[in-house]
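In what follows, a structure is listed as structure tokens, so that the remarks can point back to it.
Start at 1 and go down the list; that is how both ligands and their atoms are numbered.
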Amino acid sequence: MDKENSDASPKPADLKISNISIQVVSVPGRLPGRRPLRKPIGKARPNKKSKKRTPFWNVQNKIILFTLFLFILAVIAWTLLWLYISKTESRDAFYFVGMFRITNIEFLPEYRQKESREFLSVARTVQQVVNLVYTTSAFSKFYKQSVVADVSSNNKGGLLVHFWIVFVMPHAKGHIFCEDCVAAILKDSIQTSIINRTSVGSLQGLAVDMDSVVLNAGLRSDYSSTIGSDQGCSQYFYAEHLSLRYPLEISATSGQLMCHFKLVAIVGYLIRLSIESIQLEADNCVTDSLTIYDALLPIRSTALYRLCEPTRTLMSFVSTNNLMLVTLKSPYIRRLSGIRAYFEVIPEQKCQNTVLVNEIPGFEGKISSPYYPSYYPPKCKCTWKFQTPLSSLGIALKFHNYSITRKSAKGCEHGWWEINEHMYCGSYMDHQTIFRVPSPLVHVQLQCSSRLSDQPLLVEYGSYNISQPCPLESFRCSSGLCIPQAQRCDGVNDCFDESDELFCVTIKPACDVAVFGQPGPLVCDGFRDCDNGQDEHNCTQSIPCTNRAFKCDNDICFKKQNARCDGIGDCPEGSEEDSCSCSRSSSALHRIVGGADSPEGAWPWQVSLHFVGSAYCGASVISREWLLSAAHCFHGNRLSDPTPWTAHLGMYVQGNAKFVSPVRRIVVHEYYNSQTFDYDIALLQLSIAWPETLKQLIQPICIPPAGQRVRSGEKCWVTGWGRKHEVDNKGSPVLQQAEVELIDQTLCVSTYGIITSRMLCAGVMSGKQDACKGDSGGPLSCRRKSDGKWILTGIVSWGHGCGRPNFPGVYTRVSYFVPWIHKYVPSLL
Ligand code: ARG
């Protein structure tokens, strides 16, 4: 219809209707039975009597109705969808757990009863305050509620309130939610007055100690089990008597254990928890863990210690307040899970002393970390003052399984020491070290620097003659250090700089027939220790161990439990080697000299470790489910978690592995020092053992005999997918190999200085052949001449640049760690 026609007509509706009726008539067979239009529109009245009424059920109306129907359907569907989406999104709840101390309310015993009027009233007050803080903050839209879970006494006075805060927000917005921001909102709301110089401020009328505020992200499962909705095995223990042991025992062989034990002592005292044994699934705390907190709720930053594996060694931990939480999680119990422990109420210990030492040189007394032999809590500070009676006498400190070194720019991880105004960092080791201060008056201060509780420290002290620092005849002084006359590579670090342990490796054993045959270094081990090779003579004459319960070692038959997968076929029947079957020789014997593509399948123990899908480090297969790698590959929060790691075995070209397994567990050496790279070794347990069917492509490499000495000049191979040049920014796609030479330890010490007895150097002094970034954790493989077996002599650890002349690669000396490896992989025995 055009505009002109409609304007010209005085009754446009008439015209319209007649037009329509013409159309309707033209539709055959559908007119009869049609209902007339119910009402004419507008001024259509005169048409009322028209016989040819336009039927309602015509095509056009049908189309309109159908469109309308579709539209309504779409609106309903959209509404339902929107409701569904918003409902699913709202399920993303974020839990925060925290505590603060209220200084102006005194603790009442009734607060222990969660149903008491007193508890409910104080809980309501705190909840209202927290509500106000967050409903007026930038997160107000997402704030749901706060729940006070505990109100307790504490050694600083007032009330310690433990609470949860719940936020609800769409999943997509989760990233805007940072832990620090949520904590900052609470802290910023506390109005402290600088004039009063106190940490107590007003939080919406409550007097809150600013220094006591802790708030961390928490877990939904912990939330439900600590606010009482999911009781599980959560319970309170109130300890009121000193010198009483309160037992803490729980175990199960199936089902699950998710326990929260809340320990509360009388005000003014601390709690010492002693763990006698703990049974857990060892998986780096992915599922099973025992965590000790310095609070009543699982607030991450108050964690004192975390145990991820079973233990039967007595360990004890001390709280810094009169409360402690012990959580035990074992959600999928397959064998036995549980804990046997007890706790006690102990007084706080002061850790300071003034000591007058004797004028007779020698160690005469001991000092220790607070609460020795318990692990000492974080935030400790100890001071000791030593005085000698003569100005010619200094103070000697003998650290047990610990050592201190000059503090560098980096922070200290295991205690920092201030000795006569010089700063030192402490680190744990497996031998003692002696530190001498050439002064008659010595001030020593220890400050704990670990976030967690740390291993107990024991230090012997005594005086020494400053002009003659080596009191024992067997020691001599060299560059201000005491060097034992009889230098022995015995694992005992007699010198402060471990020089006895370094130099002894270069000493040639006395090759005299009288000594040969005695247990010691001169054994039939495939190495010509003596120039004339007499140590290796008559080796085949060893007493045959026909009884399979025995094995030969140094020509002596030992009970089979001493038998080791050490790559030495001591017995004629080679029984002790059958079970372990480490690689006798690799398939490719012809190797390319120098850094180059390796022949495919030449290094069947080589593993590529991928972190979140990318090649990151190397490793070596040592058994069906264990790999050996470097500790530094797993240093840091994310890297120490096994979940993002996968191990690629039987691989030649990056990404084309014959077998890939997730990593179940990472065991980093407990003495690994991230500053010096000492003890740079880690064991990895695969989630899936590689199948027997792949034994042509995947083979374990042999672990060297414990304490085996290496011979400088020996040629070995380093392999990996790391960078081909120092300046490259990515690794090689094809597995590379380079022949390197074992370097004299003294020479390496003179190059690098800080080479410990856990390290060895290999390379070529002219440079070029070396490992590089990305090769870390990979093998330094040496082939034993006597039987052709490949031995894992080293693990790629560090170096100055890559392939630089006079800077060889530094490797972890595997022979040092044989007992440690056997502790975790006894099947290698
Ligand atoms: N730390 C290095 C890595 O992350 C290995 C360095 C070895 N360097 C050397 N020059 N050998 O892969």
| said: Looking at ligand 1, would Ser797 count as a contact under a 4.0 Å heavy-atom criterion? | reply: yes
| query | Mind checking whether Phe435 and Tyr424 have ring centres under 6.0 Å apart? | reply | yes
| note | In ligand 1, the atoms that come under 4.0 Å of a heavy atom of Gly801 are 9 (C), 10 (N)
| task | Going by the side chain to side chain contact (heavy atoms under 4.5 Å, CB included) test, name the single residue among Gln606, His648, Gln736 that passes it with Trp721. | result | Gln606
| said: Quick check on contacts: which atoms of ligand 1 are under 4.0 angstrom from a heavy atom of Cys802? | reply: 10 (N)
| Are the aromatic rings of His800 and Tyr752 close, with centres under 6.0 Å apart? | no
| Could an N or O of ligand 1 be found under 3.5 Å from any N or O of Lys773, whether backbone or side chain? | no
| Proximity of Tyr679 and Trp820 rings by center, below 6.0 Å | no
| Nearest protein heavy atom with distance in Å, relative to atom 11 (N) of ligand 1 | Asp770 OD1, 2.9 Å
| Do we see a donor-acceptor contact under 3.5 Å between the side chains of Glu281 and Thr287? | no
| field | Whether Arg804 lies under 4.0 Å from ligand 1, heavy atom | value | no
| remark: of all protein heavy atoms, closest to atom 3 (C) of ligand 1 is Ser776 OG, 2.3 Å
| query | Judged by non-hydrogen atoms, does Gly722 sit under 4.0 Å from ligand 1? | reply | no
| query | Where's the contact between Cys772 and ligand 1, heavy-atom distance under 4.0 Å: side chain, backbone, both or neither? | reply | backbone
| Lys823/Glu670 salt bridge by N-O under 4.0 Å criterion | yes
| Residue pair Ser781 / Trp605, side-chain donor-acceptor N/O under 3.5 Å | yes
| atom 9 (C) of ligand 1: the protein heavy-atom neighbour that sits closest, reported with distance to 0.1 Å | Ala771 O, 3.3 Å
| Quiz item: cation-pi between Arg784 and Trp790, 6.0 Å / 45° | no
| query | Does the side chain of Gln432 pick up a donor-acceptor pair with the side chain of Asn401 at under 3.5 Å? | reply | no
| What about Gly774: any of its N or O atoms under 3.5 Å from an N or O on ligand 1? | yes
| request: Verify whether one side chain among Thr433 and His431 offers a donor that lies under 3.5 Å from an acceptor in the other. | output: no
| request: Decide whether the shortest distance between a heavy atom of Gly803 and an atom of ligand 1 is less than 4.0 Å. | output: no
| field | Phe677-ligand 1 polar pair, N/O distance under 3.5 Å | value | no
| Residue Gly809 vicinity, atoms of ligand 1 by number, heavy atom under 4.0 Å | 11 (N)
| query | Does any N or O atom in His800 lie less than 3.5 angstrom from one in ligand 1, N or O only? | reply | no
